[in-house]
Student: 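Below you will find the structure I want to go over with you.
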Amino acid sequence: MTSSTITDPPPGAAGTDFARLSARVAAAGLMRRRPGYYVARFLLVGLFAAATATAFVLVGDSPWQLAVAAAAAVLYGQIALLAHDVAHRQVFRTRRPSAVAGRILGNLGIGMSYGWWMDKHTRHHANPNHEGLDPDVEAGALAWTGEQAQASRGVNRFLNRHQAVLFFPLLTLAGIDLRRASLQGLLGAKGARVRRRGLELALLAVHAVGYLAALLAVLPPGLALAFFAVHQGLFGVYLGSIFAPNHKGMEMPTESMDFLRKQVLTSRNVAGGRFTDGLVHVAMGGLNHQIEHHLFPSMPTPNLRRSRQLVREYCAEIGVPYHETGLVRSWAESLAQLREASAPLRT
């Protein structure tokens, strides 16, 4: 499965609500590439990486390394967001440069398989929040419906019962769990379709060896372990904070919908106030405009905010609910779904 699956418009969309919206978006120039933006963003992330690595070496054996670890967690999150944009062909038009950049950012940069994530994310975009089709709502440590919670067993049943309270602690393991799943995917688990498995495995090995070697070369064992825990734990929380508020607590369709409604009704935009919108946008890599992103996955990140008013007005015109709320409220709605899904286990 290739990234074209993520970016292509749905087949047979001519004359649909989505086609009419798409024509307006294209006429406004919102699908045009933004090379200057991405050059600047890559440079800024590169400078951030260089500064973090320099601080890691210069701080040395000091408790201040835990602050460096926190900065490194943000760095990893920003690298992941760049890999996300590359996967959606927002940066490069064609598959080959996208795959090269994606493997450098994903496999080598943060130790997660780019090809595996592409396969998983493509399925998510095709059927967001659709149980049995969207891998992001599979049952496991978290249950998204009462039926999933009731079917859980063993440790997962305990976690599901208390999942609303345990959600943020569980996020500290999200980064490690994604790497585990990506490694399993490369080794053939669950039928993941990944190109160049050998190359991806080699890049993951280089990342793991380099990361652990750097920790042990600069830090004593105890501090190295503390750095690892803070870095990986906060990275998981950051990833969860980027992706969870955008869909959790939204509609989980059980029937077929047209493309526009399937994307809009399952997505939530996260808005900031007058002074915080820019900060939220940067922190979430533009994915706070999730409705626009799901409608137009290959739209460059800076254009998502510009397209918001157009999309919102069109949804009002055709009577499709468009849900946008603040960051705190988005988390409240997400946690409410977790509490509701786990209710059968608490009665």
Side-chain angles (χ1 to χ4, degrees), residues 1 3-28 30-31 84 87-90 120-138 144-148 242-271 284 286-301 303-326 329-334 336-338 340-341:
M1 187 172 292
S3 57
S4 61
T5 312
I6 300 180
T7 59
D8 290 344
T16 64
D17 288 332
F18 173 74
R20 287 184 281 272
L21 172 61
S22 184
R24 296 186 189 184
V25 166
L30 295 170
M31 297 305 296
H84 171 273
H88 280 294
R89 304 276 183 90
Q90 295 176 23
K120 174 178 179 291
H121 198 58
T122 296
R123 288 182 282 130
H124 161 69
H125 265 263
N127 292 285
N129 274 16
H130 198 299
E131 188 178 359
L133 297 175
D134 181 0
D136 289 355
V137 292
E138 288 181 354
W144 306 106
T145 67
E147 292 75 16
Q148 287 182 346
I242 293 170
F243 292 100
N246 303 327
H247 293 288
K248 308 314 178 189
M250 296 301 295
E251 185 168 338
M252 294 187 67
T254 57
E255 299 178 356
S256 177
M257 293 182 179
D258 68 276
F259 179 80
L260 184 143
R261 286 163 181 79
K262 178 165 58 175
Q263 304 302 333
V264 174
L265 296 177
T266 61
S267 301
R268 175 195 296 110
N269 274 16
V270 180
M284 298 184 71
L287 296 182
N288 54 312
H289 299 103
Q290 188 73 184
I291 295 173
E292 289 73 26
H293 170 62
H294 260 256
L295 287 169
F296 303 101
S298 62
M299 180 183 288
T301 291
N303 291 353
L304 294 172
R305 187 190 304 185
R306 293 172 54 203
S307 68
R308 169 185 169 276
Q309 190 63 30
L310 189 156
V311 172
R312 185 169 187 162
E313 289 175 355
Y314 183 77
C315 285
E317 181 183 320
I318 63 174
V320 174
Y322 179 105
H323 188 46
E324 181 176 83
T325 189
R329 180 63 186 172
S330 72
W331 276 114
E333 293 176 2
S334 300
Q337 180 189 10
L338 292 175
E340 181 180 353

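Keep in mind that this is a model prediction, so the values were computed, not measured.
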Student: Can you tell me if Glu333 and Thr325 form a side-chain donor-acceptor pair at under 3.5 Å?
Tutor: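 Not at all, the side chains of Glu333 and Thr325 share no donor-acceptor pair under 3.5 Å.
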Student: So, Gln263 side chain and His125 main chain: donor-acceptor pair closer than 3.5 Å or not?
Tutor: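 A pair under 3.5 Å: yes.
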Student: Does the pair Trp144 and Asn129 meet the rule for a side chain to side chain contact (heavy atoms under 4.5 Å, CB included), with working shown?
Tutor: CA-CA 9 Å; Trp144 306 106; Asn129 274 16; over 6 Å; no
Student: From Leu310 CG over to Leu21 CG, what is the distance, rounded to the nearest 0.5 angstrom?
Tutor: 6.5 Å
Student: Sub-3.5 Å donor-acceptor pair from the side chain of Asn127 to the main-chain atoms of Asp134, do we have one?
Tutor: no
Student: Scan Val311, Leu265, Thr16, Asp17 and name whichever one has a side chain to side chain contact (heavy atoms under 4.5 Å, CB included) with Leu260.
Tutor: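 That would be Asp17; it is the only one of Val311, Leu265, Thr16, Asp17 passing the side chain to side chain contact (heavy atoms under 4.5 Å, CB included) with Leu260.
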Student: Quick one, Thr145 with Met252, criterion side chain to side chain contact (heavy atoms under 4.5 Å, CB included). Give me CA distance, side-chain angles, the key distance, then yes/no.
Tutor: CA-CA 9 Å; Thr145 67; Met252 294 187 67; 4.0 Å; yes
Student: In the structure I gave you, are the side-chain heavy atoms of His88 and Met299 within less than 4.5 Å of one another anywhere?
Tutor: no
Student: Quick check against the 3.5 Å criterion: does Arg268 have a side-chain atom that pairs as donor or acceptor with the backbone of Pro245?
Tutor: yes
Student: Under a 3.5 Å distance rule, please check whether Ser267 uses its side chain to pair with a backbone N or O of Val264 as donor and acceptor.
Tutor: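 Here the side-chain-to-backbone pair does not exist.
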Student: Does Asp136 come within less than 4.0 Å of Lys120, counting only side-chain N to carboxylate O?
Tutor: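 Looking at Asp136 and Lys120, the cut-off is met.
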Student: Check whether any side-chain heavy atom of Met31 sits under 4.5 Å from a side-chain heavy atom of Val25, and report yes or no.
Tutor: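 Heavy-atom side-chain distance check passes, below 4.5 Å.
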Student: Among His84, His130, His247, His293, exactly one meets ring pair (Phe, Tyr, Trp, His ring centres under 6.0 Å) together with His124. Which residue is that?
Tutor: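 Among His84, His130, His247, His293, the one that satisfies the ring pair (Phe, Tyr, Trp, His ring centres under 6.0 Å) with His124 is His247.
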Student: Between Asn269 and Glu292, is there a side-chain donor-acceptor contact under 3.5 Å, judged purely by atom types and distance?
Tutor: yes
Student: Can you tell me how far OG of Ser307 sits from CZ of Arg24, rounded to the nearest 0.5 angstrom?
Tutor: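 Those atoms lie 13.5 Å apart.
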Student: Show the nearest heavy-atom pair for residues Ala244 and Ser334, with the distance to one decimal.
Tutor: O-OG, 3.9 Å
Student: Just checking, any donor-acceptor pair under 3.5 angstrom between side chains of Gln309 and Glu313?
Tutor: yes
Student: Could you grab the distance from atom OG1 of Thr266 to atom CD1 of Ile291, nearest 0.5 Å is fine?
Tutor: 9.0 Å
Student: Could you go through the salt bridge (charged side-chain N to carboxylate O under 4.0 Å, His left out) check for Lys262 and Glu251 one step at a time?
Tutor: CA-CA 9 Å; Lys262 178 165 58 175; Glu251 185 168 338; over 6 Å; no
Student: Once you round to the nearest 0.5 Å, how far does CD of Gln90 lie from CZ of Phe296?
Tutor: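 One gets 13.0 Å once the value is rounded to the nearest 0.5 Å.
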Student: List the steps, then state whether side chain to side chain contact (heavy atoms under 4.5 Å, CB included) holds for Leu287 with Gln290.
Tutor: CA-CA 5 Å; Leu287 296 182; Gln290 188 73 184; 3.7 Å; yes
Student: Using 30° and 60° as the class boundaries, would you call the ring planes of His121 and Phe243 parallel, tilted or perpendicular?
Tutor: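 His121 vs Phe243 ring planes: perpendicular.
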Student: Quick one: do the His289 and His294 side chains pair a donor with an acceptor below 3.5 Å?
Tutor: no
Student: Any donor-acceptor pair under 3.5 Å linking the side-chain atoms of Glu131 with those of Gln148?
Tutor: yes
Student: Is a donor on one side and an acceptor on the other found under 3.5 Å between the side chain of Tyr314 and the backbone of Arg20?
Tutor: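 Here the side-chain-to-backbone pair does not exist.
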Student: Working to the nearest 0.5 angstrom, can you tell me the gap between Leu295 CG and Phe259 CZ?
Tutor: 6.0 Å
Student: Is it true that a side-chain atom of Gln337 and a backbone atom of Gly249 form a donor plus acceptor pair closer than 3.5 Å?
Tutor: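 Answer holds: yes.
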Student: Does Glu340, at its CD atom, have more than 12 non-hydrogen atoms belonging to other residues, nucleotides or ligands within less than 6.0 Å?
Tutor: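 Atom CD in Glu340 is not packed in, count stays at 12 or less.
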